[in-house]
Amino acid sequence: FLKNVKLHFEHALPGVETIVQSKVVALREARVTYIEGRPFHAYWRIRKSLDSASAASNLGGYQDFDFPMQDIAPYVAEFANQ
């Protein structure tokens with residue numbers, strides 16, 4: 001994995017942004033976007049089954065936008081300021 005990440009960055013064009021993340025295998029996953037340590041958009045990604053767990057699709061699953069952003073805000077701030 002690290003070899004491939006290093007290879008990517010050695011050949012990436014200047015100014016190209018990249019997100020590197022581990023695959024999350026779970027039925028319910030939080031997706032949170034934040035700016036300056038404050039969440040501004042969030043939702044639950046709920047999968048139909050672990051067999052359909054893919055980073056690229058949510059086959060048979062759905063998104064739930066009833067997300068407790070106020071409750072998670074202190075944790076996002078702590079994460080962002082590490």
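The analysis underlying the following values was restricted to heavy atoms, covering all of them including side chains, and did not include hydrogens, waters or symmetry mates.
Side-chain contact between Asp66 and Trp44 is absent, with no heavy-atom pair separated by less than 4.5 Å.
The two residues Gly37 and Val76 come nearest to each other via the heavy atoms O-CG1, 3.8 Å. Here the closest non-hydrogen pair linking Pro39 and Val32 is CB-CG1, 4.0 Å.
Listed by chain and number, the residues in a ring-ring contact (aromatic ring centres under 6.0 Å, His included) with Tyr43 are His41, Phe65 (sequence neighbours excluded).
The 12-atom threshold is not exceeded at CD of Gln70, counting heavy atoms of other residues, nucleotides or ligands nearer than 6.0 Å.
Summarising the geometry, atom CD belonging to Glu29 is positioned 10.5 Å from atom CD1 belonging to Ile46; distances are rounded to the nearest 0.5 Å. We find the CZ-CZ distance between Arg31 and Arg45 to be 4.5 Å, quoted to the nearest 0.5 Å.
The hydrophobic cluster analysis finds Leu7 isolated: no Ile, Leu, Val, Met, Phe, Trp or Tyr side chain comes under 4.5 Å of it, directly or through other members.
One hydrophobic cluster, built from ILVMFWY side chains closer than 4.5 Å, cannot hold both Tyr75 and Phe40; they sit in different ones.
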